[in-house]
Chemist: 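Pasting a structure here, questions to come.
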Amino acid sequence: NANTIEVWYGNHRYAKVSVALRTATFVPVRIKKTGPLITVYHNGVAVLTDVQVPSAAVVSGTPFRLGFGARTGGLTDFHAIDNVAIEGEL
């Protein structure tokens with residue numbers, strides 16, 4: 001299912017949830033990192049809560065990367081991200 005939100009660290013997926021991502025309007029997405037815990041909100045709803053990542057990911061000064069991905073298959077489609085805000089101890 002391509003309509004998923006996932007939390008990855010290194011080459012390991014720590015969480016995955018199916019979410020209805022196709023909408024007619026923009027919806028807010030919030031990613032909150034508190035220590036080793038990550039919570040992801042989609043349209044005001046926490047879809048992944050307190051996903052724990054390895055302690056190496058939260059050591060002060062360790063790089064933390066965030067990525068977004070989309071695909072269309074063999075057809076064309078429109079994917080947009082607007083007004084990105086990242087909250088937490090990065």
Side-chain angles (χ1 to χ4, degrees):
N1 182 354
N3 291 311
T4 61
I5 294 176
E6 303 176 358
V7 172
W8 286 76
Y9 177 71
N11 291 321
H12 181 77
R13 181 177 58 205
Y14 286 87
K16 176 181 177 179
V17 64
S18 294
V19 179
L21 296 175
R22 184 170 297 281
T23 65
T25 61
F26 283 105
V27 298
V29 174
R30 179 178 168 209
I31 301 165
K32 181 179 179 185
K33 181 176 172 290
T34 307
L37 304 177
I38 295 175
T39 299
V40 180
Y41 300 84
H42 179 267
N43 204 18
V45 176
V47 294
L48 292 170
T49 304
D50 294 339
V51 177
Q52 186 159 357
V53 294
S55 59
V58 296
V59 174
S60 180
T62 301
F64 189 83
R65 297 183 295 176
L66 175 68
F68 298 95
R71 64 182 185 183
T72 62
L75 304 173
T76 59
D77 203 350
F78 178 75
H79 306 278
I81 298 174
D82 191 18
N83 299 326
V84 175
I86 302 168
E87 173 187 336
E89 306 157 6
L90 297 181

Chemist: Could you measure the distance from the CG atom of Asn43 to the CZ atom of Phe26? Nearest 0.5 Å is fine.
Modeler: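 So the gap between those two atoms works out to 13.0 Å.
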Chemist: Out of curiosity, Thr4 OG1 to Leu21 CG, how far, rounded to the nearest 0.5 Å?
Modeler: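 So the gap between those two atoms works out to 7.0 Å.
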Chemist: Check whether Thr39 reaches the backbone of Asp50 with its side chain - one donor and one acceptor, N or O, closer than 3.5 Å.
Modeler: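 The answer is yes, because a donor-acceptor pair under 3.5 Å joins these two groups.
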Chemist: According to a 4.5 Å side-chain heavy-atom criterion applied to Ile, Leu, Val, Met, Phe, Trp and Tyr, with indirect links allowed, do Tyr41 and Val7 form part of one hydrophobic cluster?
Modeler: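 Tyr41 does not cluster with Val7.
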Chemist: My understanding is that only residues two or more places apart in sequence, or in another chain, count here; which of them pass side chain to side chain contact (heavy atoms under 4.5 Å, CB included) with Val17?
Modeler: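 If we apply the side chain to side chain contact (heavy atoms under 4.5 Å, CB included) test to Val17, skipping adjacent residues, the hits are Ile5, Val19, Val47, Leu48.
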